[in-house]
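Working notes, beginning with the structure itself.
From a predicted model like this one, the values you see are computed outputs, not experimental measurements.
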Amino acid sequence: MADHIADGSVAGPGLVDVAEVTTAVVRGTVPPFGLRDFFDTSFRVLPEVVAAQGVAIGGPAFGLYRGVSGESIDLEVGFAVDKAVQPERGVTAGRLPAGRVARVVHAGNFDGLNDTWDRLQAWIGEQGGVAGPVRWEVYHTQPTPDMDPSDLRTELNWLLSD
């Protein structure tokens, strides 16, 4: 079921059923030009709050998006955790939803993510599915200043509507 997509990715797309996941998140409505700062600020405070509450991080960082992106983006960023956090310093409890998800892995820098999302949405339609209003990215590779951007791997998940 492999398909070549933006930046050379060959993992997916495919359909999977996922269980609900407890998360610790920072929520916001951000203009597209403010995304980088929102992510940077959020990922500085999240590990501190989670650790101080004795909550264990159970997976890589993610960004969850609601609705259609436009002049502002409704999102939350965070980590899967072993138990709910108490609200503190902008960090709150959240969840990744359960359901049927279309998934693909994007290989390469973040600049190509929109193209990969577009390809995934088209693939969903080709399968007779309907893309819902909730989608999320899981960042399997932590970016560093000196890394080769082609080494980045981002899992794209799009919750299907019933």
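Residues passing the side-chain hydrogen bond (donor to acceptor under 3.5 Å, both in side chains) test with Gln127, sequence neighbours excluded: none. Asp37 pairs by the side-chain contact (heavy atoms from CB on, under 4.5 Å) definition with nothing, not counting sequence neighbours. Scanning for side-chain hydrogen bond (donor to acceptor under 3.5 Å, both in side chains) contacts around Glu48 gives Arg89, with sequence neighbours left out. A search for side-chain hydrogen bond (donor to acceptor under 3.5 Å, both in side chains) contacts involving Gln121 returns nothing, not counting sequence neighbours. The side-chain hydrogen bond (donor to acceptor under 3.5 Å, both in side chains) test applied to Arg153 returns no partner, not counting sequence neighbours. Residues satisfying the side-chain contact (heavy atoms from CB on, under 4.5 Å) criterion with Glu71, sequence neighbours excluded, are absent altogether. In this structure, the side-chain contact (heavy atoms from CB on, under 4.5 Å) partners of Val30, at least two apart in sequence or on a different chain, are Leu35, Phe38, Leu75. Under the side-chain contact (heavy atoms from CB on, under 4.5 Å) criterion, Thr29 pairs with Ser72, Asp74, not counting sequence neighbours.
Counting heavy atoms from C-beta on, the side chains of Leu160 and Leu15 come closer than 4.5 Å.
Closest of all the heavy-atom pairs between Val49 and Glu88 is CG2-O, 3.9 Å. Across every non-hydrogen atom of Val55 and Ala84, the tightest pair is CG2-O, 4.3 Å. A pairwise comparison of heavy atoms in Trp123 and Ala102 identifies CZ3-CB, 4.1 Å as the closest pair. Summarising the geometry of Gly78 relative to Leu46, their closest heavy-atom pair is CA-CD1, 3.6 Å, with the distance given to 0.1 Å. Between Ala56 and Asp82, the shortest heavy-atom distance links the atoms N-OD1, 2.9 Å. Scanning both residues, Val91 and Ala24, for their nearest heavy atoms gives CG1-CB, 4.3 Å.
Hydrophobic cluster membership for Val21: Val16, Val18, Val25, Phe62, Leu64, Leu96, Val101, Val134, Trp136, Val138, Leu159 (Ile, Leu, Val, Met, Phe, Trp, Tyr linked by side-chain heavy atoms under 4.5 Å, directly or transitively).
Residue pairs meeting the salt bridge (Lys or Arg N to Asp or Glu O under 4.0 Å) criterion with at least one partner in residues 120-133, sequence neighbours excluded, are absent. Under the ring pair (Phe, Tyr, Trp, His ring centres under 6.0 Å) criterion, no residue pair touches residues 81-103, with sequence neighbours excluded. Within the structure, every pair that satisfies the ring pair (Phe, Tyr, Trp, His ring centres under 6.0 Å) test and touches residues 67-86, not counting sequence neighbours, is listed here: Phe43-Phe79.
Under the 3.5 Å distance criterion, the side-chain polar atoms of Thr154 are left unmatched by any main-chain donor or acceptor of His106. Remark: the backbone N or O of Gln86 is paired with a side-chain donor or acceptor of Gln53 at under 3.5 angstrom.
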| task | Kindly indicate, with the supporting measurements, whether the criterion side-chain contact (heavy atoms from CB on, under 4.5 Å) is fulfilled by Glu137 and Leu113. | result | CA-CA 9 Å; Glu137 300 167 347; Leu113 283 172; 3.7 Å; yes
